[in-house]
2 protein chains.
Amino acid sequence: MSLEALGPHQGDADALARRLARALLGGDWQPGDAFPKELDIAAHCAVSRNLVRNALASLTAAGLLERTAGRGTRVREVGDWHLLDPQMSDWLVGLAHPQPQLVRELLAFRYSAEPVVAELAARAAGPDDLARLEAAFRGMAATADASQQAAQHVEYDVAFHEAIYEASHNLIWRQMGHLLRPSILALVQHSQRPARGDDGLGDSLERHGAVLEAIRDGDGPRAARAAREVLGRTARDLGVDTETGARAD
Amino acid sequence: MSLEALGPHQGDADALARRLARALLGGDWQPGDAFPKELDIAAHCAVSRNLVRNALASLTAAGLLERTAGRGTRVREVGDWHLLDPQMSDWLVGLAHPQPQLVRELLAFRYSAEPVVAELAARAAGPDDLARLEAAFRGMAATADASQQAAQHVEYDVAFHEAIYEASHNLIWRQMGHLLRPSILALVQHSQRPARGDDGLGDSLERHGAVLEAIRDGDGPRAARAAREVLGRTARDLGVDTETGARAD
DNA sequence: CTCGCGATAAATGTCAGACATTTTGCGCTG
DNA sequence: CAGCGCAAAATGTCTGACATTTATCGCGAG
């Protein structure tokens with residue numbers, strides 16, 4: 001692929017990095033391909049080579065690119081990408097069509113992790129954690145009917161899951177929750193599409209409520225089971241093995 | 001603190017970033033403090049301002065620093081650090097005295113996560129995964145007696161845990177395993193110190209063996225219980241609540 | 001004809017200096 | 001005393017040159 005898709009540039013170094021990263025994550029270049037050279041990018045986007053270098057340094061730090069002097073810049077294998085890098089998380093926000101393999105891996109991860117996190121939350125949640133969870137849940141309930149408020153409903157859904165990670169009161173799990181945000185967003189948007197009118201949303205709301213109640217009661221195992229129920233349908237839809245939690249391959 | 005501790009510089013941009021990061025992680029500057037200005041660092045280390053800028057950009061990307069034009073560079077709060085950034089993982093390698101709060105949080109995370117990962121591994125592990133696990137375990141057994149081979153024993157121990165994450169066959173968990181490496185290393189080194197002669201090592205070896213057997217048998221729940229046993233003693237030593245998996249505070 | 005070696009070109013890495021932009025704080029004016 | 005504006009200081013960006021590494025091509029020796 002070439003740079004044709006990228007028009008002229010507006011914004012700072014981070015903006016350029018974001019544009020390049022999103023083009024790459026969107027599949028404009030395949031792993032192993034040669035990435036455009038600094039000067040070509042600079043010329044095409046009408047920015048200095050310096051800015052391009054800074055942007056490429058960001059992509060390199062995220063494991064997306066591999067640069068060696070004299071050789072050039074190449075796209076690394078998907079397995080080498082730093083999916084847990086917060087920067088990557090930013091770049092994934094609003095990405096229309098992330099790679100389906102990535103989506104499955106992320107859901108499989110959540111399906112194994114969120115029950116544990118919910119269990120931690122059930123034992124560690126304080127008043128403010130419960131308040132966050134309840135606020136998000138009320139928001140979900142209020143926006144469940146009108147398909148017009150779908151966007152808001154998704155926001156509350158994501159906030160609910162983020163609040164669970166937050167309530168675990170563990171630094172690492174909380175960071176994980178933050179950087180999973182875009183992925184959760186994408187998954188929620190994708191999963192509520194097929195079944196909107198029938199049982200989809202109603203069931204979903206009910207299941208989220210079960211998680212909230214279990215956490216409020218401090219019942220860890222029940223919270224874990226409930227969290228698994230929340231993700232179960234989406235997991236089955238995407239072909240994730242709900243028995244092993246791994247990809248069904 | 002000042003730059004006095006940093007002598008003249010040798011190496012490339014990454015080396016400079018590592019030196020600055022390790023000085024910061026070692027506590028030379030406190031959160032909220034002002035970090036030295038670009039020109040001071042450049043002058044002190046006898047490198048170009050450009051190189052300093054690149055290094056500082058790395059630290060900023062890791063959430064360690066916050067830079068604003070006209071204002072300067074400040075050290076961010078520990079809660080804002082990107083602990084899951086692989087770069088951070090590199091910088092933590094061999095750090096003598098990481099912050100004790102960080103150590104507890106990391107162990108609490110592992111205590112909640114590794115049982116799940118072991119369960120996934122029990123269901124997904126292939127022949128090569130088992131081979132890795134067995135090789136690491138044999139290494140641990142062979143170096144268990146001689147206190148002279150303590151360093152090698154630690155290496156095998158870390159390799160064992162890394163192999164568990166690898167065997168989960170999930171992209172995210174595998175990356176997690178890789179970037180937990182230095183933390184696991186630090187924990188293992190720290191935990192085998194207090195009780196060397198008595199029951200410490202023998203028990204540890206036995207418990208690792210139980211995990212291996214459960215994974216080999218494909219028995220998920222048993223693998224989870226065994227993984228919890230492995231971390232249990234260290235967790236109790238460090239004051240992590242083994243009931244909730246959270247910090248005992 | 002093949003293998004090895006060196007020159008050359010191309011790409012990234014580094015340096016130095018100047019200018020732009022943003023923020024802070026001080027001093028001046030009303 | 002309040003508010004405005006200017007100047008200093010710090011980071012951000014641009015430009016051009018040079019250094020270093022790597023791949024490639026051509027040439028000569030075997």
Side-chain angles (χ1 to χ4, degrees), chain A residues 1-3 6 8-21 24 29-76 80 87 90, chain B residues 1-3 6 8-21 23-24 29 31-76 80 87 90:
Chain A
M1 264 300 136
S2 73
L3 292 164
L6 296 171
H9 181 62
Q10 281 247 344
D12 57 352
D14 291 342
L16 179 58
R18 182 162 46 247
R19 289 187 46 191
L20 292 173
L24 201 163
W29 293 275
Q30 293 304 311
D33 285 0
F35 204 75
K37 353 190 166 185
E38 296 178 349
L39 289 175
D40 290 350
I41 301 176
H44 189 84
C45 295
V47 295
S48 73
R49 186 186 160 214
N50 220 320
L51 218 57
V52 175
R53 280 187 60 73
N54 289 338
L56 291 181
S58 291
L59 301 217
T60 305
L64 294 174
L65 297 178
E66 180 183 18
R67 320 188 65 202
T68 55
R71 194 178 213 209
T73 305
R74 306 179 75 86
V75 179
R76 298 183 67 178
D80 294 328
Q87 185 99 64
D90 291 342
Chain B
M1 266 302 131
S2 72
L3 291 164
L6 297 171
H9 181 62
Q10 281 247 344
D12 56 352
D14 291 342
L16 180 57
R18 182 162 47 246
R19 288 187 47 191
L20 292 173
L24 202 163
W29 293 274
D33 284 0
F35 204 76
K37 356 195 163 178
E38 296 178 349
L39 289 175
D40 290 351
I41 301 176
H44 189 84
C45 295
V47 294
S48 75
R49 186 187 161 214
N50 223 319
L51 218 56
V52 175
R53 281 187 58 73
N54 290 338
L56 291 182
S58 291
L59 301 217
T60 305
L64 294 174
L65 297 178
E66 179 183 18
R67 319 189 67 203
T68 55
R71 195 177 209 224
T73 304
R74 306 178 74 85
V75 179
R76 298 185 66 178
D80 295 327
Q87 185 96 64
D90 289 344

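Here is the naming used below: chain letters follow the sequence lines, and residue numbers restart at 1 for every chain. Computed from a predicted structure; not experimentally measured.
- Distance alone, capped at 3.5 Å, is enough to place a donor-acceptor pair between the R74(A) side chain and the G32(A) backbone.
- Here the C1' atom of nucleotide dA10(C) and the CG atom of L39(A) are 10 Å apart, to the nearest Å.
- Toward the 5' end of DNA chain D, the nearer of the two residues D14(A) and G70(A), judged by each one's closest nucleotide, is D14(A).
- Here the NZ atom belonging to K37(B) is positioned 13.5 Å from the CG atom belonging to L56(B), to the nearest 0.5 angstrom.
- The structure places CG of D14(B) at 9.5 Å from CG of D90(B), a figure rounded to the nearest 0.5 Å.
- Remark: E38(B) engages R49(B) in a salt bridge, criterion side-chain N to carboxylate O under 4.0 Å.
- Side-chain nitrogen and oxygen atoms of R71(A) include none within less than 4.0 Å of the OP1 or OP2 phosphate oxygen of dA11(C).
- For the pair L65(A) CG and dA11(C) C1', the computed distance is 15 Å after rounding to whole Å.
- The base of dG13(C) sits with one of its N or O atoms less than 3.5 Å from a complementary donor or acceptor on the side chain of R49(A).
- Considering all non-hydrogen atoms of both residues, A13(B) and L51(B) come closest at CB-CD1, 3.7 Å.
- Rounded to an integer number of Å, the gap from N50(A) CG to dA16(C) C1' is 12 Å.
- Atom-to-atom, CZ of R67(A) to P of dT14(C) comes out at 11 Å; the value is rounded to the nearest Å.
- Protein chain B touches strand DNA chain D; the 5'-most and 3'-most nucleotides with an atom under 4.0 angstrom of its non-hydrogen atoms are dA10(D) to dT13(D).
- In this structure, E66(B) atom CD and dT22(C) atom C1' are separated by 14 Å, rounded to whole Å.
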(Q) Between V75(B) and L65(B), does the side-chain contact (heavy atoms from CB on, under 4.5 Å) criterion hold? Intermediate values first, please. (A) CA-CA 5 Å; V75(B) 179; L65(B) 297 178; 4.1 Å; yes
